[in-house]
Number of protein chains: 2
Amino acid sequence: MPNLLFKLNERLYLRDPQHTLLGQNIIRVSIDMIDRLGFEQFTFKKLAEEIDSTEASIYRYFENKHRLLLYLIAWYWNWMDYRIDLVTIGLTNPQEKLRASLKVIAEEKKIDPNFEFVNEEALYRIVVAELDKTFLTKWVDNDNKEGLFGGFKSLCRKLAGWVTEVNPDYPYANSLMSTILLTAKQQVFFAQHLPSLTSITKKETSQVELEYFLETILFKSIL
Amino acid sequence: MPNLLFKLNERLYLRDPQHTLLGQNIIRVSIDMIDRLGFEQFTFKKLAEEIDSTEASIYRYFENKHRLLLYLIAWYWNWMDYRIDLVTIGLTNPQEKLRASLKVIAEEKKIDPNFEFVNEEALYRIVVAELDKTFLTKWVDNDNKEGLFGGFKSLCRKLAGWVTEVNPDYPYANSLMSTILLTAKQQVFFAQHLPSLTSITKKETSQVELEYFLETILFKSIL
DNA sequence: TTAAATATAATAGTATTACTATCATAACTG
DNA sequence: CAGTTATGATAGTAATACTATTATATTTAA
């Protein structure tokens with residue numbers, strides 16, 4: 001069981017949480033707590049209690065809880081990028097690459113044993129519920145300047161590149177792929193909480209429905 | 001200059017702000033302040049100071065600031081619905097209705113003299129920046145049960161109905177229209193803050209670009 | 001092996017937020 | 001003009017998001 005690490009933007013943290021036990025605990029338990037409580041109700045104080053540490057110690061790893069969320073979501077997009085590489089590495093046709101990527105994007109996540117101390121199922125739910133909060137803040141422009149959205153942006157760029165390979169005349173490749181990536185999460189959220197806003201059901205078939213919906217948007221737009 | 005009022009869900013407020021001077025001040029100045037400060041930095045205390053009133057008085061109109069945001073955004077969707085009615089009333093062909101609606105959806109908003117004490121330009125920016133925060137909370141399910149998202153849902157339903165009229169076999173009408181409505185805001189936000197995630201520019205042409213982008217997604221998907 | 005450096009824990013403190021409560025006064029209403 | 005209702009003035013509270021200080025472990029380097 002290989003234990004992989006992602007090299008994330010160093011500005012996301014003050015001290016790298018992957019390298020110490022306390023840091024790993026912060027990641028592991030914060031994923032669990034944000035999933036359970038929601039990001040607003042989650043605090044460093046509560047986290048400190050659950051891992052038998054102190055607020056002050058956590059603040060030595062992350063400047064604030066917003067940075068911690070940025071870290072977790074950056075990790076998620078890195079992981080997505082990595083899995084898209086895995087399923088497209090053997091493919092040469094950009095259209096096939098996109099189709100394979102969509103499968104990964106629409107997938108409900110299963111635990112990935114390659115990564116200890118990251119519960120990918122809980123992290124997936126966090127992304128669904130909290131993703132937009134990473135950029136809908138007064139810090140967007142600064143966070144962006146520091147490169148904290150790099151993971152999402154490079155993934156979007158990669159997919160948009162394939163779109164342009166498929167159809168060099170399609171002028172909205174970036175918009176289309178950011179829309180697809182965000183819509184994949186939003187529709188899952190709607191299925192759970194505002195079902196009249198979606199055609200995706202809560203049943204086991206929802207993954208396939210989402211995939212077809214995204215496929216239609218993507219390929220009808222560019223072909 | 002007719003002064004219209006929208007009848008919004010009564011549960012959005014404790015006392016109807018449209019009917020008193022204080023209430024109108026709350027609406028008018030909160031739109032201005034949320035636009036300037038962002039929703040997180042906006043507080044009832046600051047608002048009270050600017051309108052020369054007190055926190056306690058504001059709390060007699062709105063249970064909390066989240067409800068106030070829900071109110072403003074509900075007002076916006078009502079207004080959008082009203083304007084879509086205006087441009088589609090004479091049309092019989094559902095495809096033409098959708099095309100006319102898209103124009104309204106992609107439009108950068110101009111002040112509407114029909115509504116005193118609502119600065120539609122500022123409100124538009126609020127919707128772009130804060131819309132998702134109305135439902136990405138721990139209260140979603142309860143707020144939904146109380147019908148507080150009614151404006152958005154009924155608009156989505158109307159548009160999805162036209163989609164189904166155009167193509168009864170297209171199975172994702174609701175998903176498609178909620179995606180269009182949200183994407184219209186998101187892409188504008190990206191153009192302003194994360195330009196590498198969008199193909200829409202910041203120039204005067206952005207409105208047309210957005211409209212074409214949404215048109216492509218919508219009509220290619222269903223035709 | 002010990003001294004120095006560093007990480008963590010323990011504790012305390014601060015300004016701000018999101019309220020709730022009480023009471024006086026002003027304004028409008030029947 | 002009496003009674004109701006709306007607003008203002010003021011105070012208070014628990015929780016949040018930090019910052020600061022000091023003591024004690026633990027690691028590392030000489």
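Note on naming: letters A, B, ... go to the chains in the order of the sequence lines (proteins, then strands), and numbering restarts at 1 for each one.
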Measure the acute angle between the ring planes of B/Phe135 and A/Phe189, then classify it against the limits of 30° and 60° as parallel, tilted or perpendicular. tilted
How many whole angstroms separate atom [atom1] of [X] from atom [atom2] of [N]?
{"X": "A/Lys65", "N": "D/dT16", "atom1": "NZ", "atom2": "P", "answer": "8 Å"}
{"X": "A/Asn25", "N": "C/dT8", "atom1": "CG", "atom2": "C1'", "answer": "13 Å"}
{"X": "A/Phe62", "N": "D/dA17", "atom1": "CZ", "atom2": "P", "answer": "16 Å"}
{"X": "A/Arg67", "N": "D/dA17", "atom1": "CZ", "atom2": "P", "answer": "16 Å"}

Using a strict heavy-atom distance below 4.0 Å, which residues from residues 36-55 of chain B are in contact with DNA chain D?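 Nucleic-acid contacts, sorted: B/Asp52, B/Ser53, B/Thr54.
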Could you identify which residues of residues 11-24 of chain A place a heavy atom less than 4.0 Å from some atom of DNA chain D, listed by residue number, or say none?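 Nothing qualifies; none.
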List in chain and number order the residues that pass side chain to side chain donor-acceptor pair (under 3.5 Å) with [X], two or more places apart in sequence or in another chain; answer none if no residue qualifies.
{"X": "B/Ser57", "result": "B/Thr54"}
{"X": "A/Asp112", "result": "A/Trp79, A/Asn114"}
{"X": "B/Asn142", "result": "B/Glu146"}

Does NZ or CZ of A/Arg15 fall inside the cone over A/Tyr61's six-membered ring, less than 6.0 Å from its centre and within 45° of the axis?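 Here A/Arg15 passes the 6.0 Å and 45° test against A/Tyr61.
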Sequence-distant partners of B/Asp32, salt bridge (Lys or Arg N to Asp or Glu O under 4.0 Å), two or more places apart: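 Here the qualifying residues are B/Arg36.
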Sequence neighbours excluded, which residues qualify as salt bridge (Lys or Arg N to Asp or Glu O under 4.0 Å) partners of A/Lys45?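 For A/Lys45 there are no salt bridge (Lys or Arg N to Asp or Glu O under 4.0 Å) partners, ignoring immediate neighbours.
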According to ring-ring contact (aromatic ring centres under 6.0 Å, His included), who are the partners of B/Phe39, at least two apart in sequence or on a separate chain? none
Partners passing ring-ring contact (aromatic ring centres under 6.0 Å, His included) against B/Trp139 (at least two apart in sequence or in another chain):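 Listed in chain order: B/His66.
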Quick one: do A/Lys7 and A/Glu10 make a salt bridge, cutoff under 4.0 Å?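 Here A/Lys7 pairs with A/Glu10 in a salt bridge, since their nearest N and O are under 4.0 Å apart.
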B/Glu130/B/Lys133 salt bridge by N-O under 4.0 Å criterion: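 Looking at B/Lys133 and B/Glu130, the cut-off is met.
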Taking only side-chain nitrogens and oxygens of B/Tyr61, does any of them come within less than 4.0 Å of OP1 or OP2 of D/dT7? yes
Indicate for each nucleotide in nucleotides 24-29 of chain D, in 5' to 3' sequence, whether protein heavy atoms under 4.0 Å reach the base (B), only the sugar-phosphate (S), or nothing (-). ------
Any chance you could list the contact pattern along nucleotides 22-30 of chain C? Use B for base contacts, S for sugar-phosphate-only contacts and - for none, protein heavy atoms under 4.0 Å, 5' to 3'. ---------
Under the side chain to side chain donor-acceptor pair (under 3.5 Å) rule, what do B/Thr183 and B/Gln187 come out as? Steps first, then yes or no, please. CA-CA 6 Å; B/Thr183 297; B/Gln187 295 293 318; 5.8 Å; no
Using atom types as modelled, flag every donor-acceptor pair under 3.5 Å from a side chain in residues 69-76 of chain A to any protein atom, sequence neighbours excluded.
{"from": "A/Tyr76", "atom 1": "OH", "to": "A/Lys109", "atom 2": "NZ", "distance (Å)": "3.3"}
{"from": "A/Tyr76", "atom 1": "OH", "to": "A/Lys185", "atom 2": "NZ", "distance (Å)": "2.7"}

